[in-house]
K.L.:
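Let me begin by handing over the structure; questions about it come next.
What you are looking at is a predicted structure, and each value in this text was computed from that prediction instead of being measured. Hydrogens, waters and symmetry mates are skipped; everything else that's a heavy atom, side chains included, is used.
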Amino acid sequence: MADRTPESEASALAAQTSAAPVRARRSDGGWAPVDTTLVREADSTVRAKNTTAALTFSGGGSGASLVALENQGHELCFGWPTALPEPGLDGDTATYAEILPASTSG
């Protein structure tokens, strides 16, 4: 077995793995940490800042496209049967207030 020297220790490689993505490709081709913070786009849609798949939420309106997920040329889209209000954004959460009828307890 070879002796370990400070020089051999300095040239050692290390790898860190994760079960979930930690970086995603940005629109400019570079890489950045995954950031699920939601932002409003100029067309009023809502999307996460930097994720591995394109996830877009409705900015309000007809409800035809509540949420759409696009990845590797495939798209999955869910609609809503009624008009949607503009969502409130808080970090990684979009809230569509009062889209369900008020419930009464009793």
Side-chain angles (χ1 to χ4, degrees):
M1 184 180 254
D3 291 333
R4 295 182 115 178
T5 65
E7 292 79 19
S8 68
E9 291 291 323
S11 65
L13 296 175
Q16 184 176 11
T17 61
S18 176
V22 293
R23 283 177 279 297
R25 192 172 298 272
R26 297 184 313 234
S27 59
D28 67 4
W31 292 88
V34 168
D35 185 350
T36 58
T37 303
L38 297 175
V39 293
R40 198 171 313 276
E41 295 292 326
D43 66 357
S44 82
T45 59
V46 174
R47 68 166 183 83
K49 284 186 177 179
N50 194 45
T51 58
T52 57
L55 184 64
T56 306
F57 295 91
S58 169
S62 74
S65 180
L66 171 60
V67 62
L69 171 66
E70 187 178 338
N71 193 22
Q72 298 181 354
H74 301 281
E75 184 177 60
L76 176 64
C77 187
F78 291 98
W80 189 255
T82 61
L84 293 165
E86 182 177 308
L89 304 182
D90 183 16
D92 63 358
T93 303
T95 302
Y96 296 87
E98 301 181 24
I99 61 171
L100 294 176
S103 63
T104 57
S105 58

K.L.:
With T45, which residues qualify under side-chain hydrogen bond (donor to acceptor under 3.5 Å, both in side chains), at least two apart?
P.N.:
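Residues passing side-chain hydrogen bond (donor to acceptor under 3.5 Å, both in side chains) with T45: D43.
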K.L.:
Looking only at heavy atoms, which two atoms of I99 and P85 are closest? And how far apart?
P.N.:
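Here I99 and P85 meet closest at CG2-CD, 3.3 Å.
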K.L.:
Which heavy atom of A94 sits nearest a heavy atom of L89, and at what distance?
P.N.:
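Smallest interatomic distance, heavy atoms only, reads CB-CD2, 3.9 Å.
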K.L.:
Output the rest of the hydrophobic cluster of V22: all Ile, Leu, Val, Met, Phe, Trp and Tyr residues reachable through side-chain heavy-atom contacts under 4.5 Å, sorted by chain and number.
P.N.:
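V22 clusters with nothing; isolated.
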K.L.:
For residues 51-63, which residue pairs qualify under salt bridge (Lys or Arg N to Asp or Glu O under 4.0 Å), counting only residues two or more places apart or in two chains?
P.N.:
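Sorted result for residues 51-63: empty, none.
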K.L.:
Please enumerate all residues that pass salt bridge (charged side-chain N to carboxylate O under 4.0 Å, His left out) together with R26, with sequence neighbours excluded.
P.N.:
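By the salt bridge (charged side-chain N to carboxylate O under 4.0 Å, His left out) rule, R26 matches D28.
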K.L.:
Would you list the pairs meeting side-chain hydrogen bond (donor to acceptor under 3.5 Å, both in side chains) in which at least one residue belongs to residues 46-57, sequence neighbours left out?
P.N.:
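side-chain hydrogen bond (donor to acceptor under 3.5 Å, both in side chains) check on residues 46-57 returns E41-R47.
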K.L.:
Atom CH2 of W31 and atom CZ of R25: how far apart are they, to the nearest 0.5 Å?
P.N.:
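With rounding to 0.5 Å, CH2 (W31) is 4.5 Å from CZ (R25).
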K.L.:
Same hydrophobic cluster for F57 and L76, using side-chain heavy-atom links shorter than 4.5 Å among ILVMFWY?
P.N.:
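Yes.
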K.L.:
Could you note down all residue pairs passing side-chain hydrogen bond (donor to acceptor under 3.5 Å, both in side chains) where residues 82-97 supplies at least one of them, sequence neighbours left out?
P.N.:
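Every pair satisfying side-chain hydrogen bond (donor to acceptor under 3.5 Å, both in side chains) with a residue in residues 82-97: W80-T82.
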K.L.:
Below 3.5 Å, can you tabulate the donor-acceptor pairs from side chains in residues 65-72 to any protein atom, sequence neighbours excluded?
P.N.:
none

